[in-house]
Amino acid sequence: MQEKFSSANELVDHLFRHEAGKMVAVLTRIFGMHNLEMAEDVVQEAFLKAAQTWKFNMLPENPAAWLMQVAKNKALDIIRREQRFNHLSAEVSAQLQLETDNTIEQFFLDTEIADSQLQLIFACCHPSLKEEDQVALTLKTISGFSVAEIAKALLAQESAVQKRLYRAKQFISSQNIQLEIPVGKDLQSRLDTVYTILYLIFNEGYNSSKAGELIRKDLCAEAMRLCLLLSQHKTGDQPLTYALLSLMCFHAARFESRLDENNSMILLAQQDRTKWDKELIKRGYYYLNKSSEGNHLSVYHIESAIAAEHCLATTFAETNFDRLLSLYDLLWQMKPTPVVQLNRAVVLSYTGQTQNAITLLLSIENIDTLLQTQYMFDAVLGELYARNNEPKQAEDHFEKAIKLTPSDTEKKLLKEKIAAVRSVQWS
Amino acid sequence: MKEFMFIFTGPYYEDLDMSMETAQAHTQKWFNWVQDLTNKGIYVSGKPLVRESGKVVSGKDAVVTDGPFAESKELVGGYFIIKADNIDDAVTVAKGFPDFELGGSVHVREVQVMHM
């Protein structure tokens, strides 16, 4: 048993988190979604019992099964307590007891656990819930994050997270939301919500450089785990699921190369591509391939193809910008947002059409407001002007971006750019 | 070296309003403690006691009662056997017990060994 200890903590950590979701799913299936809180309490008790026992150098051979067994026993205890057979003969009550036990036993079969987990994901992503509540509820119930962890990961106050969870649970019990797998059109639209939430969770982990490294990675890993879980169930075994999964793989492959030792963002062009995780890229291609079965082209497909394009190039200069541009054209048609247009303009500039790129950027709806409020737009526009040999305009926009960004690293980066522009100007 | 028994008393984690992170942090401290004692070659064995199934058999008629229902801080949660040269050293080892802050305590007793 001793040799297990080196990884015991990690084991317990992941085990608690992953098993919590499974256990809550099975228990809410048994006790009903309106008893979600009770299910969470039972799971909590099971973990405490585990901690109490395992601390004496007693990690079981199969900790996951051990935990599930404790949860099952606790569930049976609760049911026995609630069931009263005093009005029946001993024979009949014994028979009824046996039947109950058998019924409960069914829910602990692997296939049923998978169903329950999926149903719980669908419930947490109920379309009537606010997006931020869906995210909090998903992380709490399915991913086993504590309130403190959710707050840390989402850069929110613990009290705010508590409020979101409370609101979501209130809604679920007041609306009598049931655990189920929607059918027909409802299924597709519910799946869409699930994709949105999973991608949101992934991006929370991927894009925020403020939260601690570990918790951010956990968020990404969790989103990927749930997406994989979805793909392994007949309900979620769909091209769209694979498109999202491949997109996450491509992004996650670059996770380590995006930050320098001071936790500052490194731009794609400057990233050390040898640090990209080749195994994840391979998996990305595998899922992207699977996502092409069927004839539905989604935003996730295009975004994944764009990410794949970057992964294909061994250096930034070798990127196939023409192909990227046509992918962005496609993406713009499906998702006409300012940020997509911004990226499209950058790629356009790399195909040698910087003047057109500037025109394109300036044609974005409400661009004046965006340039007053969001530093990204000024930073990119400045960059485009610099590339187009218009140093004065470049400097103006870099200056504006410096005023707008809260990040010191960004400010430093922008100041360097101004210096570079000036040196070209005077040389 | 002599052998000593550590008898751990204190509330069970289930009885404390304890977050999973705290429980996990304590479990980790225990793992580290056992690992440390094992590395030093003084850890012999240790076991938890099952809480739910305790009975007390007592009296000249050997009457069986449920229990022991001690107060939670006197509940015996488990034991270790460790090696030490003397009681003072054993007590020093016992100070590594991770659950003092949870109201737990360690009884340190030398195990009698027959040399003949």
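Only heavy atoms go into these numbers, but all of them, side chains included; no hydrogens, no water, no symmetry mates. Numbered from 1 within each chain, the chains take letters A, B, ... in sequence-line order. What you see is a predicted model, and the numbers here were worked out from it, not measured in a lab.
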Can you tell me if [X] has over 12 outside heavy atoms packed within less than 6.0 Å of its [atom1]?
X        : atom1 : answer
B:Phe100 : CZ    : yes
A:Arg80  : CZ    : yes
B:Asp17  : CG    : no
A:Asp110 : CG    : no
A:Gln157 : CD    : no
B:Lys83  : NZ    : no
A:Lys74  : NZ    : yes

To the nearest 0.5 Å, atom CZ of B:Phe31 lies from atom NZ of A:Lys55 at 11.0 Å
Interface check, chain B: of A:Gly144, A:Ser146, A:Ala20, most non-hydrogen pairs under 4.5 Å belong to A:Ser146
Between A:Leu48 and B:Ser19 the two heavy atoms that sit nearest each other are CD2-O, 4.5 Å
Under 4.5 Å to a heavy atom of chain A? For B:Asp99 that would be side chain
Cut-off 4.5 Å, heavy atoms of chain A, and the answer for B:Leu49 is neither
| Any side-chain heavy-atom pair from A:Phe56 and B:Tyr79 closer than 4.5 angstrom? | no
- For A:Gln52 and B:Tyr12, indicate whether the former's side chain and the latter's backbone hold a donor-acceptor pair under 3.5 Å. no
Listed by number, the residues in residues 28-47 of chain A that come under 4.5 Å of chain B (heavy atom to heavy atom) are A:Gln44, A:Glu45, A:Phe47
